[in-house]
Amino acid sequence: MGLIFKMNMKAYLANQIQAVLATIEGVPSDFEVQFQVPARADQGDLASNFAMQLAKKVGTNPRAFAERVLSTIEFDPDLIAGVEVAGPGFINFRFSKNYLWNGVVEILMKGVAYGRSTQGAGKKAMVEYVSANPTGPLTVGHGRNAVLGDTMANVLDWVGYDVTREYYFNDAGRQMRVLAQSVRARYLELIWPDCPMKKIGEGEEGIWVPEAFPNGGYQGTYIIEIAATLREEKGDDLIENREWQADEVPEAELVPFKEKAITLIFKDIDQTMRRMGVKMDTFFNEHTLYTNGNVEATLAALRKTGLVFDADGAVWFKTSTFGKEKETVLVKSSGEPTYRLPDMAYHVEKLNRGYDLCIDLFGADHIDTYPDVLNGLKVLGYDAQKIQVVIYQFVTLMKGGEAVKMSTRKANFVTLDDLMDEVGEDVTRYFFLAVSPNTHINFDLDLAKAEAEKNPAFYLQYAHARIHQIITKAAEVGLSLKAEGDLSVLTHDREITLIKALLQFPDEIIGTAKSLQPQRLINYLREVAEAFHAFYHDCRIIGEAEDVAQARYNLACAAQYVVRNGLGILGLSTPEKM
RNA sequence: GCGCCUGUAGCUCAAUUGGAUAGAGCAACGGACUUCUAAUCCGUAGGUUACAGGUUCGAGUCCUGUCAGGCGUGCCA
């Protein structure tokens, strides 16, 4: 039993068929037989379309070709209960009950490891995500990034990769100077309540800020909180000249404001991530790339390719070579690199650290810039295939039926914490995982709140809670997991449907890893939960005949492993009662 | 203007990456608790997949064009 089952069903069928195809003239030698799970139950458990793909090449019609191939194969009745040619030329395979029952045993044996596979074994992967600079709290937009990245990291782990989760950030440069100036202006306001104020923004949108507030400053109230904390800790003497405008303030005076802001904002970001179950392995400061010389080395290497030139005091990358309209600045005339250069240096660093796969999660606003980075790596001789960029579309904030572009600077964002406060951590994760990264999300907090109680996340979790309750109750009447139990009494439609769903779990994880589309896994788990709820409704355990009760109890345990492992990958909690 | 993403049921979204009769949730309607939890189950209704062509055994999916929305097109990140 165990031996036969160890062989993957697809691999078994492919071997049988491939052996026959190899003897037929006209079949390409590199042809690979493909399988899919049919959409409808009456179309069998697994289907192949090879006859339709090959019929023309071998000079016949699909159905005839299918019959011809099948007539020469005798499938192991222990695995396959039926084969038929259907529709335009599909070949539908039906699994034997024996195969299904053995499958349940397999699940129970693997337990918390059921679903794991070895595609990525021996390989290192890095998922770089969140990577928000410390300019403010994480927003709903960052949430999409965080949840997608975290789940992809989990999925890669389950297919065997050694996964590192990295957060890349930059706490220097103009952005941080403006942040420090913003905090300083709010601090000034606190120690000097009568300081001259100005209004920025128009009409009702406008807010009052001290004169020293910088152009493009950060308007969020968290800036005031940071200023207040700083005042509590350091007193009122951090400002030398109250009359200075933002850009008259010397760098040295800004230091304490900047440092406090970075510390407090990162603390806040960290708490938000923890709350969502996002845990990074490493944090990488862009600054490191300057101190270790990688930025300079990368530029020097790029120069040797002849694709770099100097003009107008700046250093340019010849992006027109790669089909872009314009050339791209790598180093500004001020001597300061644009972010593209350290980005290239960073990816060189990643590849040099030995990662076989690097996943980058970017919002749609990076769509035009990452090709520069990849092209840079290519001309430097690196294998850019190892870098997989996942672009997710923007989360647009809806207020009163109108779309507002979220901006940390303008503080018209909804924080991730706000969202979790309103709908909870699990619904928040589900919200981002259920849709394709390519989907534009219109986000309305009021609507999200109103519909939170009906969120499908609970449908999955309820399945887990029910199973837990059964197991608890069943223990009271003396039932326990007995792997040697006879499962051949599992013949009810609900039981069979559930088993078939459970057996697809490993393939679903592999498919999710390949496509980097986590919503696939959610769709699948919904099917599993649906199959379980239906089973629960129609097939009782406690009070049934001993053999039936035992077999169903075992099946419930198998279902629990799938639901629990699946929810774990998605980062959703597994409640024992609801 | 050009590049990328999107357009699917009243609403929010899926669709195994080119497969068979396009599916879920919410909203609507009708049934099912004396049982291991009704946050569940069973059923009804809802569609010219934005539009027009094309490619092939087969198109929501690929190619061309049109329309609509989002993002980009910085010596900002």
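In what follows, every chain begins at residue 1, and chains take the letters A, B, ... in the order their sequences are listed.
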_For nucleotides 39-45 of chain B, give me one character per nucleotide, 5' to 3': B if any protein heavy atom sits under 4.0 Å from the base, S if the only such contacts are to the sugar-phosphate, - if neither._
BSSS---

*Examine the side chains of A:Gln388 and A:Asp360 and answer whether a donor and an acceptor come within less than 3.5 Å of each other.*
no

*Let me know, please, whether A:Ser48 or A:Phe35 comes out on the 5' side of the other along RNA chain B by nearest nucleotide.*
A:Phe35

_B:A39 versus B:U49 - spacing of their P atoms, nearest Å_ = 38 Å

*Under 6.0 Å between the ring centres of A:Phe266 and A:Phe169?*
yes

Could you go over nucleotides 46-50 of chain B and give all protein N or O partners under 3.5 Å, atom names and distances?
none

*Out of A:Tyr346, A:Phe283, A:Tyr129, which residue meets the ring-ring contact (aromatic ring centres under 6.0 Å, His included) rule with A:Tyr168?*
A:Tyr346

For residues 493-511 of chain A, which side-chain N or O atoms pair as donor and acceptor with protein atoms under 3.5 Å away, sequence neighbours left out?
| residue | atom | partner | partner atom | Å |
| --- | --- | --- | --- | --- |
| A:Arg494 | NE | A:Asp538 | OD2 | 2.8 |
| A:Arg494 | NH2 | A:Asp538 | OD2 | 3.3 |
| A:Glu495 | OE1 | A:Thr491 | N | 2.9 |
| A:Glu495 | OE1 | A:His492 | N | 2.9 |
| A:Glu495 | OE2 | A:Arg552 | NE | 2.6 |
| A:Glu495 | OE2 | A:Arg552 | NH2 | 3.2 |
| A:Thr497 | OG1 | A:Asp493 | O | 2.8 |
| A:Lys500 | NZ | A:Asp45 | OD1 | 2.7 |
| A:Asp507 | OD2 | A:Lys10 | NZ | 3.2 |

Between protein and nucleotides 75-77 of chain B, what N or O pairs are separated by less than 3.5 Å?
| residue | atom | partner | partner atom | Å |
| --- | --- | --- | --- | --- |
| B:C75 | O2 | A:Ser333 | N | 2.8 |
| B:C75 | O2 | A:Ser333 | OG | 3.0 |
| B:C75 | N3 | A:Ser333 | OG | 3.3 |
| B:C75 | N4 | A:Asp312 | O | 3.0 |
| B:C76 | OP2 | A:Lys332 | NZ | 2.7 |
| B:A77 | OP2 | A:Tyr339 | N | 3.4 |
| B:A77 | N7 | A:Tyr339 | OH | 3.3 |
| B:A77 | N6 | A:Tyr339 | OH | 3.1 |

*Would you please name every residue forming a salt bridge (Lys or Arg N to Asp or Glu O under 4.0 Å) with A:Glu453, sequence neighbours left out?*
none

*In dot-bracket, 5' to 3', how would RNA chain B read with Watson-Crick or G-U wobble pairs under 3.5 Å, [ ] for crossing ones and | for pairs to another strand?*
(((((((..((((.....[...)))).(((((.......))))).....(((((..]....))))))))))))....

_Nearest-neighbour nucleotide for the A:Gln519 side chain, B:C71, B:A15, B:U56 considered_ = B:A15

